[in-house]
Each structure stands twice: as C-alpha cells, then as structure tokens.
Amino acid sequence: MSTTRQSSIDNQTLATRGFGTLAIALVANFALGWAVLSQDLVASTEFFRYPAIGVWTLLGIGGATVVYWGLTQRSATPDQTFVLVAAVVLVLSFLPDIGLALTADSVTTSEAIGLMILHVPPAVVAVLALPETPLGR
C-alpha cells in the first residue's frame, strides 16, 4: 500500500492559503496582544511585544505551511495527520514559555501565560485554513 497521496495541493493554492492563514493569525494575535497590553494583564513585557508577536506568528504559520505541504507530498491522510501534528506542536510550544517563567527572573507568570495564549490563535487558524478539509475531517 502506498503512503503517497494521489493529488498533492498545488503550490499556488497552498501559498494563497498560507498567506491568508498568516494574515488572519496576525490580526488575531495583534488584537489579543493589544487587549492584554492595554489592560495591563501582564506584569512584565520583556518578551510580550508587538514585533516579537509578529515574528513568532510568521515563523509558526510559515512552519505549519511547510509541514502541511510536506504531508501532502508524503502522506495518504495529510489533513488528519496535520491536525495531529499541529496539536502536538501546540502543546510543545508552551515549553519554552514555561522555561522562561522558571528560569528568567524578569519574566513573570502572567507574561509566560500571555505568551502561551498567543500560540493558540495561529494553531486554530492553521488547522482550519490550511487543510483541504478543515480540522482534518
């Protein structure tokens, strides 16, 4: 039995989905960042800043797009596999923020939690927008 998908997504379609996913994720994260910062919900802002929010959102969505493309080339079930990978990566993405909270004196618990929350919108948008079937259904 072959594990290669019969028809992989064309690059232009995936690029369009990737840019759309990035745009939505950036709007969501900048709005969330604005809400958190304007309401002083984080006690420190060493890492919780707009440029960092933008860069990490870009890297996350870029990585998700590349992973999805790779899965369409190699997996018989790329949508389902992508959702599983995205869920695992989301959970693992919390570890550096927890590490910051535990090791950096200047990072408060509220800032670490705020940073972890910023990982969720891009993950949700990615599993809804990148696959052929949202959420891998």
Side-chain angles (χ1 to χ4, degrees):
M1 177 161 101
S2 173
T3 59
T4 303
R5 187 174 182 178
Q6 292 298 323
S7 63
S8 62
I9 190 169
D10 83 35
N11 291 338
Q12 185 174 1
T13 299
L14 183 59
T16 301
R17 285 189 199 162
F19 283 119
T21 302
L22 176 61
I24 295 166
L26 283 170
V27 167
N29 267 359
F30 284 142
L32 187 58
W34 174 81
V36 167
L37 292 169
S38 68
Q39 299 301 310
D40 293 323
L41 297 177
V42 293
S44 70
T45 58
E46 180 179 352
F47 294 96
F48 203 104
R49 297 173 187 237
Y50 292 113
I53 291 170
V55 168
W56 287 108
T57 302
L58 170 66
L59 291 173
I61 295 299
T65 304
V66 169
V67 166
Y68 183 69
W69 175 82
L71 289 171
T72 65
Q73 304 301 306
R74 293 175 170 53
S75 173
T77 58
D79 293 353
Q80 295 87 350
T81 305
F82 178 72
V83 171
L84 178 62
V85 168
V88 170
V89 169
L90 175 61
V91 172
L92 292 175
S93 75
F94 297 150
L95 296 178
D97 299 324
I98 293 168
L100 276 175
L102 295 174
T103 61
D105 293 334
S106 61
V107 176
T108 62
T109 301
S110 64
E111 185 179 20
I113 291 170
L115 290 169
M116 287 189 282
I117 290 169
L118 287 173
H119 296 225
V120 177
V124 170
V125 173
V127 298
L128 291 174
L130 289 174
E132 290 287 322
T133 54
L135 296 175
R137 292 185 184 174

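These figures come from a predicted structure and were not determined experimentally.
Side-chain contact check for F48 versus I53: some heavy-atom pair is nearer than 4.5 Å. Using a 4.5 Å heavy-atom threshold, the side chains of W56 and L115 count as separate. Under the 4.5 Å side-chain criterion, counting only non-hydrogen atoms from C-beta, P121 is in contact with L32.
Under the 4.5 Å side-chain contact rule for hydrophobic residues, I117 and L58 share a cluster. There is no path of hydrophobic side-chain contacts, each under 4.5 Å, that joins L59 to V120.
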- Task: Evaluate the criterion side chain to side chain contact (heavy atoms under 4.5 Å, CB included) for residue pair Q73 and Y68; output intermediate values, then yes/no.
- Result: CA-CA 9 Å; Q73 304 301 306; Y68 183 69; over 6 Å; no
- Dump the intermediate steps for side chain to side chain contact (heavy atoms under 4.5 Å, CB included) on R17 and E132, then the final yes or no. CA-CA 10 Å; R17 285 189 199 162; E132 290 287 322; 3.0 Å; yes
- Query: Would T65 and F19 count as a side chain to side chain contact (heavy atoms under 4.5 Å, CB included) if you check the C-alpha gap in whole Å, the side-chain angles of each, and the deciding distance to 0.1 Å?
  - Reply: CA-CA 9 Å; T65 304; F19 283 119; over 6 Å; no
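Not one N or O on the side chain of S75 forms a donor-acceptor pair closer than 3.5 Å with the backbone of T72. In terms of modelled atom types and a separation under 3.5 Å, the side chain of D79 and the main chain of P131 share no donor-acceptor contact. Side-chain atoms of N29 come within 3.5 Å of backbone N or O of L118 as a donor-acceptor pair. Checking side-chain atoms of T13 against main-chain N and O of I9 turns up no donor-acceptor pair under 3.5 Å. Put simply, the side chain of S110 gets close to the backbone of A43: a donor and an acceptor are under 3.5 Å apart. Under the 3.5 Å distance criterion, the side-chain polar atoms of S93 are matched with a main-chain donor or acceptor of L90.
Of the inter-residue distances, the one linking D10 atom CG with T16 atom OG1 reads 8.0 Å to the nearest 0.5 angstrom. Summarising the geometry, atom CG belonging to L130 is positioned 14.5 Å from atom CH2 belonging to W69; distances are rounded to the nearest 0.5 Å. The distance from atom CG of L100 to atom CG of L95, rounded to the nearest 0.5 Å, is 11.5 Å. Rounded to the nearest 0.5 angstrom, L135 CG and Q80 CD are separated by 11.0 Å. For the atom pair CG (D97) and CG (L102), the distance works out to 11.0 Å, reported to the nearest 0.5 Å.
Salt bridge R49/E111: absent, no basic N to carboxylate O contact under 4.0 Å.
In plain terms, the two heavy atoms of A126 and I61 that are nearest each other are CB-CD1, 4.3 Å.
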